[in-house]
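Keep in mind that what you see is a predicted model, and the values were worked out from it rather than measured. First the proteins, then the strands, lettered A, B, ... as listed; each starts at 1.
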Amino acid sequence: MRKLQKVLALLLIIALAASLTACGGGKKSDTINIGAIYNVTGGQASLDKPSLNGFKLAAKEINENGGIKGKKINVVSYDGKTDQATVANSTKKMIDVDKCVVVAGLSDSNYALAAGNICQEKGIPFITSGATLPTLPDQVGEFAFLAPFGDNIQAYACADFAINDLGLKKCYLLIDQSMEFTKTLAHFFQERYIANGGEIVLTDNYMNKDPDFSAQIDRFLASNSGAEIIFISGVPDDAGVVVKQFRDKGVTLPIISGDGFDTPLLIEVAGAAADNTYVGTHASLENQDPKVQQFIEAYKKEYGTAPENAFAGLGYDTMYLIADALNRATDINNPKAIRDAIAATQNLAGVTGTVTYKDGSRVPVKSVTINKVENGKFVFIKEVLPE
Amino acid sequence: MDGFIYFLIQSVNGLKLGSVYAIVAVGYSMVYGILRLINFAHGDIMTVGVYTILVLMTAFGVPLWVTVLLSVVIAIAVGLATERIAYRPLRTAGEEATLISSLAVSIFMQNLIMMIFSPQRRAFHLPEYLSRLHTIGFIKLSTMNIITFAAVFIILIVLSLVIKKTRIGMAMRACSDNLNASKLMGININAVIVTAFAIGSGLAALSGLMLAGEYKTIDPLMGFVPGLKAFCAAVLGGIGSLSGAVLGGFILGIAEMLFAGLMPTDFTAYRDAFVFVLLILVLLVRPYGILGSKEGGRS
């Protein structure tokens, strides 16, 4: 029995060594390995799965059009399983074993920080396709980039839209106090709204997963604050519940929120009550821009379904962002050169807006799409680019 | 708006929430009164009931009254199964063992529901005639709110009669007084405990329907916090006393809404903290709860 164990162990070691050399062998090949780390299982799956689909679709298109400097892109993808340790380990593996020159992925700051720190340590460029924490690149270091806009930009866009387009200058602000994202978003919204000449007439708070908003709504009704619009800084879980309760209490004012409200739950839960709700997010399927419509067609053809949400577009754009940088990089085997090329990205048009990294910032200046719920559907209103 | 009317409106909000707590608390109180078991899984039985309703309504299109009946039956079955598997074998092992066991059951059930369905929150809609809003003066109530409120008192009266007038009720009171002595006197304590669990689980399923109907969403963790709050309500009102459980439920619900509605808005998100400080204060003054007595606690 013991002998058998020894033999087995030896066999395993040999197998492991063989697999290592097999992976390391492709160094002088005609492909470029790009890491795509996404949580395709677990709580993040509804955002990360579409992102990865978009990412792979873009890589396929690039390869069909001749690749990059004659080399094909090879997407190396691991499942982070919505677990920070798995994300970190998979990222290490992408760099050490698969020799990826760029790593991209993830839609939540907690996981993006885990992967980003590994990449920074190893000197490999990291681009998060969906996490919107504006301070993330500074927290991680010079190798980290955001592909979407930061929370400050989406908050500014909502504030600009409310004042400039809707002409509504008195706002009631309702904030979920349980998350960093919602607190940051509310902070930036308030800053911009007041700077634009608006007035926050009343601010109130709640906790995520506390589904009863009646006390807050009745306080708002009793305050006679003269509010013309309501900004709710919340996450998908609460989107439908809070809007429905406002409407049930007879509040018909327009409601506006950030990409946390870009969820089918808003309409599924609130039904007809969701009408007259504005959502500032990354993209709209209704946008008639040919780039967007082409992407939707290609996605349907590849996966048999329309893009599930804006995150599919973010994954798609992130791959093109990498390709653009690789084409401009002085040396595609040198991560530092690739990093510099990414940092120099100018006016790169994509499905989710146009990316420019300005003044050494690694968060793009990017337009925000405003969608509105009308007759139980998200309708594209306009793109806003906060100056 | 007049200050008094505002106070009244917030109190009605509290009564709406409190009536759900009250129904859960009555079930909690029955089990705790007899076994002294803080059943963490009680709220998750509520979740089981709600998901049963969801499946039956969406997949099979069964009429609502049938689904509610079936969900109550299934909740009772699950409640009795947990009692038989996870609590009864530990009954002699001490209260800590059953407490931990109930926590384990709770986590197991939450994860099982996540596995079968998904961790995502999803929409839950009652038929239109139940969610329709009625305006009474300056107050808006749905049909379901009114049913819930009435249900509290119907349940209270029926259960009080059962406990006072029937044989099993008498046995329950005896077991609540002293489980071991009751056993020695020839009372079938297993029958009593099973009855208590059945009533508690059935009520949990009903209150789940009311909670999900009110907020129109459900998720696998939805029962846990209301379950704990209901336990607090039962303790606040006086453990072992059914009217105490109802009173505790209403006080907790109203306190939540008044704290959220009257305190400076900086504190509204933290209303639970204030509610539980209130709970401590009440218990400092009335250690056995508002309607509880020393005899209610086990000697």
(request) Assert yes or no for the condition that the ring centre distance of B:Y21 to B:Y28 is strictly below 6.0 Å. (result)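 Aromatic pair excluded; centres sit 6.0 Å or further apart.
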(message) Using ring centroids (six-membered ring only for Trp), state whether A:F213 and A:Y206 fall under 6.0 Å.
(response) yes
(message) With a 4.5 angstrom heavy-atom cut-off, is it the side chain or the backbone of B:L221 that approaches chain A, or both, or neither?
(response) neither
(request) Answer with side chain, backbone, both or neither: which region of B:K140 has an atom nearer than 4.5 Å to a non-hydrogen atom of chain A? (result)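 Looking at B:K140, just its side chain touches chain A.
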(request) Quick one: closest heavy-atom pair of B:F274 and B:Y270, and the distance? (result)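 Heavy atoms only, the tightest pair is CD1-O, 3.2 Å.
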(request) Could you look at A:T203 and say if it's the side chain, the backbone, both or neither that has a heavy atom under 4.5 Å from chain B? (result)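 A:T203 touches chain B through backbone heavy atoms alone.
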(request) Pick one of side chain, backbone, both or neither for A:D248, based on which atoms fall under 4.5 Å of a heavy atom in chain B. (result)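 Both the backbone and the side chain of A:D248 come within 4.5 Å of chain B.
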(request) Could you check whether the rings of A:F246 and A:F220 sit parallel, tilted or perpendicular, using 30° and 60° as the cut-offs? (result)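 Ring orientation of A:F246 relative to A:F220: perpendicular.
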(message) Salt bridge or not between A:E228 and A:K170? Use side-chain N to carboxylate O under 4.0 Å.
(response) no
(message) Just so I understand: if I count every heavy-atom pair under 4.5 Å between each of B:A269, B:S131, B:P264 and chain A, which residue has the most?
(response) B:A269
